[in-house]
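In what follows, a single structure is set out as structure tokens and then discussed.
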Amino acid sequence: MEYKAIQKTEPLRCANEVKAYRILDIQGKDLIFQLWFNDENSRGSIKVSMPEDYEIGQYIDLQVIRTSKISHKVTLIGRTPQKFIPADGRNIAV
């Protein structure tokens with residue numbers, strides 16, 4: 001699998017607000033993930049064209065940018081490189 005440049009190093013991930021999110025559920029074509037670090041009940045979702053390519057528990061790299069108090073923009077970058085997957089299994093990894 002080919003990773004994008006912004007996924008490969010910690011400084012680029014940080015500068016581009018890329019974080020690894022664990023897939024909590026798949027509902028139809030939506031991947032469900034925990035949205036914020038401090039709120040385990042806040043869930044986000046992103047539509048994908050081929051949900052069968054993903055599995056619950058797998059990590060994906062997302063850019064989640066809060067645009068206002070109640071809305072945000074989510075961009076799927078791709079699967080998380082192995083070196084950025086947390087060993088402790090938390091839902092969001094920097």
Side-chain angles (χ1 to χ4, degrees):
M1 167 177 284
E2 188 65 32
Y3 295 111
K4 296 179 181 170
I6 62 174
Q7 293 178 269
K8 293 182 181 180
T9 67
E10 286 183 46
L12 284 173
R13 291 174 72 83
C14 184
N16 290 288
E17 299 187 39
V18 174
K19 293 180 179 63
Y21 290 81
R22 188 164 62 96
I23 299 172
L24 303 175
D25 195 11
I26 300 173
Q27 298 175 353
K29 292 190 173 210
D30 291 332
L31 304 180
I32 310 299
F33 56 92
Q34 182 180 330
L35 193 53
W36 308 116
F37 286 109
N38 59 353
D39 186 359
E40 291 184 18
N41 296 320
S42 181
R43 301 286 169 101
S45 67
I46 188 164
K47 287 201 178 301
V48 292
S49 58
M50 299 179 70
E52 60 274 3
D53 288 348
Y54 300 92
E55 298 174 13
I56 294 172
Q58 184 179 54
Y59 284 86
I60 52 175
D61 280 346
L62 299 173
Q63 283 180 317
V64 179
I65 300 169
R66 191 175 244 169
T67 57
S68 73
K69 259 188 165 179
I70 58 170
S71 66
H72 50 275
K73 177 184 171 190
V74 179
T75 304
L76 175 65
I77 306 300
R79 286 192 182 87
T80 304
Q82 187 64 39
K83 69 180 182 177
F84 295 108
I85 294 176
D88 60 5
R90 60 191 158 181
N91 290 337
I92 304 173
V94 177

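Along the sequence shown, residues are numbered consecutively beginning with 1.
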Non-hydrogen side-chain atoms of [X] and [Y] separated by less than 4.5 Å:
X     : Y     : answer
Ile60 : Leu76 : yes
Leu24 : Ile56 : no
Ile32 : Ile26 : no
Gln63 : Val74 : no

Can you measure from [atom1] ([X]) to [atom2] ([Y]) and round to the nearest 0.5 angstrom?
X     : Y     : atom1 : atom2 : value
Leu35 : Arg66 : CG    : CZ    : 7.5 Å
Lys8  : Lys83 : NZ    : NZ    : 9.5 Å
Glu17 : Ile6  : CD    : CD1   : 10.5 Å
Gln34 : Asn91 : CD    : CG    : 4.5 Å
Lys73 : Thr67 : NZ    : OG1   : 9.5 Å

Can you see which heavy atom on Ala20 is nearest to which on Tyr59, and at what distance?
CB-CD2, 4.1 Å

Scan residues 11-34 for pairs that pass ring-ring contact (aromatic ring centres under 6.0 Å, His included), counting only residues two or more places apart or in two chains.
Tyr21-Phe33

Would you mind listing the cluster partners of Phe84? Hydrophobic ones only (ILVMFWY), side-chain contacts under 4.5 Å, chaining allowed.
none

Give a yes/no verdict on a cation-pi contact between Arg79 and Tyr54, requiring under 6.0 Å between NZ or CZ and the six-membered ring centre and an angle within 45° of the axis.
yes

Name every donor-acceptor pair, under 3.5 Å, that has one atom in a side chain of residues 42-50 and the other anywhere in the protein, sequence neighbours excluded.
from	atom 1	to	atom 2	distance (Å)
Lys47	NZ	Asp30	OD1	3.1

Among Arg22, Arg13, Lys19, whose salt bridge (Lys or Arg N to Asp or Glu O under 4.0 Å) with Asp61 holds?
Arg13

Crowding at CD, Gln82 (>12 non-hydrogen neighbours, <6.0 Å)
no

Do Trp36 and Ile23 share a hydrophobic cluster, counting only Ile, Leu, Val, Met, Phe, Trp and Tyr and linking them when any side-chain heavy atoms are less than 4.5 Å apart?
yes

Looking at Val18, is its backbone amide N or carbonyl O close enough to the side chain of Asn16 to form a donor-acceptor pair, meaning the two atoms are under 3.5 Å apart?
no

